[in-house]
Asker: 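Dropping the structure in here first, questions after.
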Number of protein chains: 2
Amino acid sequence: MRLGMPESDFPDIRSLEIFAEMDQVHFESLMRGGYVQTFPPHVDLIAEGDPSDFLHIVMSGSIDLFASWNGRDSSLATVRPIATFILAATIRDAPYLMSARTLEKSRVALIPSQDVRAVFDVDSGFARAIVNELSQAYRRKIKAMKDLKLRTSLERLANYLLREQDRCGGAAGFDLPFGKARLASLLGMTPENLSRAFRNLQAYGVTVNGSRISITDQRDLETFAAPSPLIDDDRI
Amino acid sequence: MRLGMPESDFPDIRSLEIFAEMDQVHFESLMRGGYVQTFPPHVDLIAEGDPSDFLHIVMSGSIDLFASWNGRDSSLATVRPIATFILAATIRDAPYLMSARTLEKSRVALIPSQDVRAVFDVDSGFARAIVNELSQAYRRKIKAMKDLKLRTSLERLANYLLREQDRCGGAAGFDLPFGKARLASLLGMTPENLSRAFRNLQAYGVTVNGSRISITDQRDLETFAAPSPLIDDDRI
DNA sequence: TTTGATGCTTGATAATTATCAAGGATAAAA
DNA sequence: TTTTATCCTTGATAATTATCAAGCATCAAA
């Protein structure tokens, strides 16, 4: 349904970092061509290989980026508000390299890719914001690559738990934000081995009850996990 | 030695995609602050964690990007002429996430990062080129991630050989561009297992003699490797 | 309450990958 | 030529991870 963006959404979107510094005229022209939609959980939004017709922006909820090959598939990232996804494909007018689906009920803004490219060419504030977003996405991928190539699966899980604890506010107890099968896929392991990995982390002060995690010995877990800002710090 | 860039290098550098569209005044100001240096093989250029003082551009030779954690290390990418490396760190004024060293004798141009950021802000042609470079680098990383998470080590080697064959012109025989220990690290395996993987690929028509590879049964290897443009095609 | 259905866990086993130790091959240096 | 060093390979073994099959828990529908 191409209805255009309701004006009531303008302020929310305007406050996103990627739109904050751009010219008002350009902003409004982007908004006129775009729209916001709410999707139920577990809905496919895009499929890898498709042409990149829209820039997607997650306003609420969360999105799973994943990829498939030869019958296997793997989760590559979670996108949380407020962030774009598949920006590089949009900018290059190239096919998506990843598929995307909602993990939960999610509100997503869609802006036609050709409009994004057109405004990019004439609005240096927007161009600057896109470079910020792209360079951050690139560095996140480098970190994910280091995590995957330099650590064992147990170390990846330990560091994931520390990052997630931090994201949830730092308390000893917190909930996993999605199912363990997907967590296993994100971490590059099977669900069976994730179960066993959780059991192995008990020795370092981790208790699991359903999706509830308690870090009972912070020091011990951190000693084992040995987190590094050059892999685990999202702000750098 | 900060001697400034010799004018004889200007045309070479000006023809690089990243500098091609920018204003001549801005180009010359970048060149005045930069310089070109030739390094012998196996020289460390930058270390992860260091502040990003210079944008690096490989003019000739080749560069190994790698990372370390807890005493382990892993090669993450090879940079070949003509390309920048560590552009994202330069743009964000953030520490390098990877270390870099020469694989062979290499000529590298160095441009002070602060100059790059300053010109980026005022030259839209340059900003456009930087976005091109960044988005391409990002998509390359996504592909590398899919390669690593979706394929077994034998499949990664098979696809690597097909890509390398293509890069070398497509003939049945070609030479590996660096030692097998580094290839193993790039592919996320040990040198011992790389040896065994080469032996296993004999069954699919691959012959190895030192660093000389011959693909004797192209069809058979491609059937096994099942290359995908969304992972293996560098042009997309 | 029973009945599925789903998601997670467990155990047994197989496959893959890593590690350790030793042995070639090659090429440059003595 | 011998020596030395480097790089690669091989075999034996250990560790890790995946697969398969079964079982348990939770929850919602019947």
Side-chain angles (χ1 to χ4, degrees), chain A residues 40-42 64 69-75 101 103-104 147-161 175-204 206-214 224-225, chain B residues 40-42 64 68-75 101 103-104 147-161 175-204 206-214 224:
Chain A
H42 310 297
D64 178 30
W69 180 77
N70 251 15
R72 292 162 237 172
D73 59 35
S74 178
S75 280
R101 66 187 150 214
L103 283 166
E104 54 191 312
D147 188 47
L148 199 56
K149 287 190 81 175
L150 291 168
R151 289 171 171 164
T152 66
S153 61
L154 198 60
E155 289 164 344
R156 287 199 298 280
L157 176 59
N159 280 289
Y160 173 85
L161 293 178
D175 283 299
L176 295 174
F178 36 72
K180 289 178 182 169
R182 195 181 103 90
L183 177 57
S185 181
L186 257 185
L187 295 175
M189 55 204 296
T190 57
E192 292 95 328
N193 279 326
L194 177 62
S195 265
R196 292 184 260 260
F198 271 123
R199 207 147 37 90
N200 290 334
L201 283 186
Q202 282 178 13
Y204 301 100
V206 175
T207 315
V208 184
N209 200 302
S211 67
R212 184 78 188 165
I213 307 294
S214 294
F224 171 73
Chain B
H42 311 297
D64 178 29
S68 309
W69 180 77
N70 251 15
R72 291 161 238 172
D73 59 35
S74 178
S75 280
R101 67 189 149 213
L103 284 166
E104 53 191 313
D147 188 46
L148 199 57
K149 286 189 82 175
L150 291 168
R151 289 172 171 162
T152 66
S153 62
L154 199 59
E155 290 165 343
R156 287 199 298 280
L157 176 59
N159 280 289
Y160 173 84
L161 293 178
D175 283 298
L176 295 174
F178 36 73
K180 289 177 182 169
R182 196 182 102 88
L183 177 57
S185 181
L186 257 185
L187 294 175
M189 56 204 296
T190 57
E192 292 94 328
N193 280 326
L194 178 62
S195 265
R196 292 184 261 260
F198 271 124
R199 209 148 34 91
N200 290 334
L201 283 186
Q202 281 177 15
Y204 301 100
V206 174
T207 315
V208 183
N209 200 302
S211 67
R212 185 78 188 166
I213 307 293
S214 295
F224 171 74

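By convention in this document, chain letters (A, B, ...) are assigned in the order of the sequence lines, proteins followed by strands, and residues within each chain are numbered from 1. These values consider heavy atoms only, across backbone and side chains, with no hydrogens, waters or symmetry-generated copies. All of these numbers come straight from a predicted model, not from anything done at the bench.
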Asker: Going from OG on Ser185(B) to CG on Asp73(B), what distance comes out if it is rounded to the nearest 0.5 angstrom?
Answerer: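 The distance works out to 6.5 Å.
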
Asker: Give the rounded distance in Å between these two atoms: CG of Leu176(B) and P of dC7(D).
Answerer: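 Rounded to the whole Å, the gap is 15 Å.
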
Asker: For residues Leu103(A) and His42(A), report the shortest heavy-atom separation together with the two atoms involved.
Answerer: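 Here Leu103(A) and His42(A) meet closest at O-CE1, 3.7 Å.
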
Asker: For residues Arg156(B) and Gly188(B), report the shortest heavy-atom separation together with the two atoms involved.
Answerer: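 Smallest heavy-atom distance, with atoms named: NH2-O, 3.5 Å.
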
Asker: What closest approach, in Å, do Val208(B) and Lys180(B) show between heavy atoms, and which atom pair accounts for it?
Answerer: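 Closest approach of Val208(B) to Lys180(B), heavy atoms only: CG1-NZ, 3.6 Å.
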
Asker: Through what angle, rounded to 10 degrees, does the axis of the helix from dT1(C)-dA30(D) to dA30(C)-dT1(D) turn between its ends, using five pairs per end?
Answerer: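 End-to-end axis angle: 20°.
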
Asker: Can you list, in residue-number order, the parts of residues 149-159 of chain A that come under 4.0 Å of DNA chain C, counting heavy atoms only?
Answerer: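 Residues of residues 149-159 of chain A that come under 4.0 Å of DNA chain C do not exist, since none gets that close.
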
Asker: When you check the phosphate oxygens OP1 and OP2 of dC7(D), does a side-chain N or O of Arg182(B) lie under 4.0 Å from one of them?
Answerer: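 No.
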
Asker: Between which nucleotides of DNA chain C, 5' to 3', does chain B make heavy-atom contacts below 4.0 Å?
Answerer: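 Contact span on the strand: dT17(C) to dC20(C).
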
Asker: Between Phe178(B) and Tyr160(B), what is the ring plane arrangement, given parallel below 30°, perpendicular above 60°, and tilted in between?
Answerer: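 Ring orientation of Phe178(B) relative to Tyr160(B): tilted.
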
Asker: Round to a whole Å and report the spacing from CD1 of Ile213(B) to P of dC8(D).
Answerer: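 After rounding, the reported distance stands at 12 Å.
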
Asker: Grab the CG-P distance between Leu201(B) and dT9(D) for me, whole Å please.
Answerer: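 Nearest whole value for this atom pair: 13 Å.
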
Asker: Is Asn70(B) atom CG crowded by more than 12 heavy atoms from other residues, nucleotides or ligands, each under 6.0 Å away?
Answerer: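 Yes, because the 6.0 Å sphere around CG of Asn70(B) holds more than 12 heavy atoms from other groups.
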
Asker: Restricting to pairs with a member in residues 194-203 of chain A, which pass side chain to side chain donor-acceptor pair (under 3.5 Å), not counting sequence neighbours?
Answerer: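 For residues 194-203 of chain A: Asn193(A)-Arg196(A).
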
Asker: Give the residues of residues 186-198 of chain B touching DNA chain D, defined as any heavy atom closer than 4.0 Å, sorted by residue number.
Answerer: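 Nucleic-acid contacts, sorted: Glu192(B), Ser195(B), Arg196(B).
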
Asker: Could you list the residues that satisfy side chain to side chain contact (heavy atoms under 4.5 Å, CB included) with Ala184(B), not counting sequence neighbours?
Answerer: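 Only Met189(B), Pro191(B), Leu194(B) meet the side chain to side chain contact (heavy atoms under 4.5 Å, CB included) criterion with Ala184(B).
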
Asker: Which atoms form the tightest heavy-atom contact between Leu154(A) and Ala197(A), and what is the distance?
Answerer: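 The pair with the smallest heavy-atom distance is CD1-O, 3.4 Å.
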
Asker: Keeping the roles fixed (side chain from Lys149(B), backbone from Leu186(A)), state whether a donor-acceptor pair exists under 3.5 Å.
Answerer: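 Flag set: sc Lys149(B) to bb Leu186(A) pair under 3.5 Å.
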
Asker: What verdict does the side-chain contact (heavy atoms from CB on, under 4.5 Å) test give for Phe224(B) and Val206(B), after you've listed the backbone C-alpha separation in whole Å, the side-chain angles of each residue and the deciding distance to 0.1 Å?
Answerer: CA-CA 12 Å; Phe224(B) 171 74; Val206(B) 174; over 6 Å; no

Asker: Between Leu150(B) and Arg72(A), which heavy-atom pair has the shortest distance, and what is it?
Answerer: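 So the minimum-distance heavy-atom pair works out to O-NH1, 2.8 Å.
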
Asker: Might you point out which heavy atoms bring Leu187(B) and Leu148(B) nearest each other, and give the distance in Å?
Answerer: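 Scanning both residues completely, I find the closest heavy atoms to be O-CD1, 4.2 Å.
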
